Amino acid sequence: MRFGVAVACAVWVCGCSLEAATRSISGHDVLKAFNGASAPDDAGSPDFPACTRLANGIAADELAQVYDTARALEVMDGGEVPKALTDATRCVARRQSLQQSDQPCFACLFGTAGADVGVPCTHHLVFPPPPPLVQQDPSAWKQERDVERVQAGLQRAVRSMAQTCTVLSGPDTADESPLERAWTGARESLMRYQRARPLTVHPDDRPVNAWVLSGGAANGAFSAGAVWWLLQQREACGAPCANDRVDLLSGASTGTLIATIAKNYFRPGATIAERKTAIDDLSDKYTCSANADLYCEQNVTLYDLFFNPAASKRGLIDFVGVRQLVKEKTGDLAHGIRSGPEQFASTVDYQSGSVFHFSSSRIESQTAWWGALEGSFVEPLAAEPVSRVGLRKGTWLDGGVRSGLPISTPLRRGADRAVVFVNTPFDGIPRPRMRNVGDIVFRSIELFSLQPILGELAEAEEEKVLTRQSEKERCLERLGFDHAADASDLERRCSLDLALPASCEVAKTTLPRWSVNASAPKAIQVTQPPRSGLDRLQSPYEGSWLFLPTELRNSWQASLHPAPGHQAPVEWKDLNATGYTFDPNSMWNLFAVGALVANERCEEVKATLNWHLTCQGEAKVHEALRAQRTQFEAKRCGQKSSAIPACAP
């Protein structure tokens, strides 16, 4: 991306036609422009997030889980909480700098320290003691489970703060007020957030489900088709599927728009007609939208784009049509935006470079949510950035710049199961042999954007598994399983390869073990044996990945249609949209492939989400797509012009 900008700048400096300019620029000129593209300005040091903002994000990520944590988190309401967390953070930073174990710090924090643990222990948090193993009351074990989650989350949060905020405020200073203020703000923010969330308790103790959708502009038709078919199947299921829900939604760029429509479908109290409208919106917006329906072309020069600080335009296009669509589909604040499922809109702050995952539960106004959603899909240079998200002014850019697949936030906020929709093949979009260096540049940009998706996906799922491991270790410690003779015995016990004692009358089975299913495309699937009444061990994480396939089955051609002037059969190279090209003909084929892939993976998705769908054969998908194709042709979607209108002055 940076190299491409440098070349564009060099072309502008020539002040001549594009062809003549590119022929007259020497390699030396290009290299000089490239090396000088990041010259610092006179704005001074960037205003990076303060310790308080870091603490707010860390506390929400580690403690705001969608479980029955309201009662367990009451301990965070105490007036001494910031002092106790400040002491623990200083203790951890100090002991880590001396390469010593930080366990005494947490023994003090959780009130389990003995007479002499070797660290100052002035303040601590008061948690209820664990029930005896013979306790039969399920509610007691649910409370114990949540205490373990809160304590494990506090351990991770304190360690994160020790590695960040103590560096900013100085670990050796006697003035603890910056750190204490950070913990005070984090505690208050966390409790407000937890009370505002639409779902914090699951009476049926079912898993918490999330859908995560990647970006890709018009290529998002693939994910839209997959979501469309899954919702079609859920709707056809009727009463048996009435409680099949998605609790958390997260998306980048075009994935944010699909998540917004899915949120309308799963909104509590949505009528049959409203759910049908949401399903129809997926097909209509992603098979019958052309360029003119979504954006207009700005009247802007290269000088304004690259050099004029007073320019009124900061992008080649303006998403006027998408902006109007967002306003129409989000509903009001109370019953549309803040109601379930909770949705996260990812956007990047230009000044700090930080990625914000705005929650629909904590947004302050309807217009603020519109800004957060728009900020998630305005790609730098191409689209006009967002200047305000609620009370926050700035320059907000496409969330995909830093988070192409924002799965980390829903997993940190409590999701046990996740279905991931990715609008690109697992190994990248195949390309023919390169023709020139321009092909190499754009291919490199394409691959740069793919790698963060794969990395974030693998990292988030691994982090979720490790989080579960830390929570189970807290379980072992609180219940007295941590009295090991040596380190190896403790490691064996904490790996959960240990049978409960025979004296335990509640459960006489082994503690669940982690197991990894390496079969593609699910990189990590964790399973455990059936449990008895001892409900203190958390549900495992499971995930399903739906990537755009690179091979088209012959049987799929029944629902694919070549564009005018093209011959059948449809080839894979005909599917992919480039840039911001919204062509209903290619989008139709992407949409159909998404539906066919979702049907093919139906049993896997059903098991991942713990849904009750009746998965259909491929013939049913073709039948549904034929009916949809009839509407496509009746509305003359395939004849829409590819022209881009000029924006109003």
Side-chain angles (χ1 to χ4, degrees), residues 4 8 11-12 17-19 215-222 224-225 253-254 256-258 261 280-306 311-329 373-374 377-386 398 423 429 438 442 445-446 560-567 570-571 573-592 628-649:
V11 170
W12 176 85
S17 71
L18 180 62
E19 182 178 1
N219 292 315
F222 168 77
S253 195
T254 192
T256 300
L257 302 178
I258 300 172
I261 296 174
D280 291 342
D281 281 340
L282 286 168
S283 59
D284 181 61
K285 306 310 177 188
Y286 279 92
T287 66
C288 202
S289 293
N291 298 334
D293 299 319
L294 303 174
Y295 63 89
C296 61
E297 183 179 3
Q298 304 257 50
N299 181 16
V300 62
T301 66
L302 283 176
Y303 171 77
D304 286 335
L305 284 178
F306 293 113
S312 60
K313 308 298 182 183
R314 296 175 295 172
L316 297 172
I317 65 174
D318 187 7
F319 277 116
V320 289
V322 181
R323 187 179 304 118
Q324 183 60 35
L325 177 64
V326 164
K327 292 180 179 180
E328 292 173 358
K329 299 303 176 184
L373 293 176
E374 185 176 353
F377 57 76
V378 284
E379 187 172 338
L381 178 63
E384 182 78 12
V386 173
D398 191 326
N423 304 308
I429 299 174
F442 290 109
I445 294 172
E446 182 182 276
L560 304 183
H561 296 268
H566 290 244
Q567 294 183 347
V570 174
E571 298 181 5
K573 65 180 182 179
D574 300 324
L575 292 181
N576 291 276
T578 302
Y580 282 147
T581 300
F582 291 86
D583 172 29
N585 292 295
S586 64
M587 292 169 67
W588 167 265
N589 290 327
L590 281 162
F591 184 90
Q628 205 63 38
R629 182 70 186 187
T630 300
Q631 298 181 33
F632 177 91
E633 294 173 348
K635 292 186 290 186
R636 303 179 64 83
C637 300
Q639 283 74 51
K640 283 193 170 184
S641 171
S642 61
I644 303 173
C647 297

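Model, not experiment: these values are computed from the prediction. For the numbers below, each heavy atom of this structure counts, side chains included, while hydrogens, waters and symmetry mates do not.
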Minimum side-chain heavy-atom gap [X]-[Y] below 4.5 Å:
{"X": "Asp284", "Y": "Lys635", "answer": "yes"}
{"X": "Lys285", "Y": "Leu325", "answer": "yes"}
{"X": "Ile644", "Y": "Tyr295", "answer": "yes"}

Handout entry: Qualifying residue for side-chain hydrogen bond (donor to acceptor under 3.5 Å, both in side chains) with Lys640, from Asp293, Asn585, Asn291, Asp583
Key =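 Answer after filtering Asp293, Asn585, Asn291, Asp583: Asp293.
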
Practice task
Report yes or no: does Ser283 contribute a side-chain atom to a donor-acceptor pair with the main-chain N or O of Asp280 at less than 3.5 Å?
Solution key: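 Yes; judged by distance alone, with no hydrogens or angles, the pair exists.
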
Problem - Pair Phe377 and Tyr580, ring centroids less than 6.0 Å apart - result: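 No, the ring centres sit 6.0 Å or more apart.
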
Problem - Lys/Arg N to Asp/Glu carboxylate O, Asp318 vs Arg323, below 4.0 Å - result: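 A salt bridge links Asp318 with Arg323.
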
At what distance, to the nearest 0.5 angstrom, does [atom1] of [X] lie from [atom2] of [Y]?
{"X": "Leu373", "Y": "Leu257", "atom1": "CG", "atom2": "CG", "value": "7.5 Å"}
{"X": "Leu316", "Y": "Asn299", "atom1": "CG", "atom2": "CG", "value": "11.5 Å"}
{"X": "Phe222", "Y": "Thr254", "atom1": "CZ", "atom2": "OG1", "value": "13.0 Å"}
{"X": "Glu633", "Y": "Gln628", "atom1": "CD", "atom2": "CD", "value": "11.5 Å"}

Exercise for the section: Looking only at non-hydrogen atoms, find the nearest pair between Glu384 and Gly315 and report the distance. Expected result: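 Residues Glu384 and Gly315, closest heavy atoms: OE1-N, 3.4 Å.
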
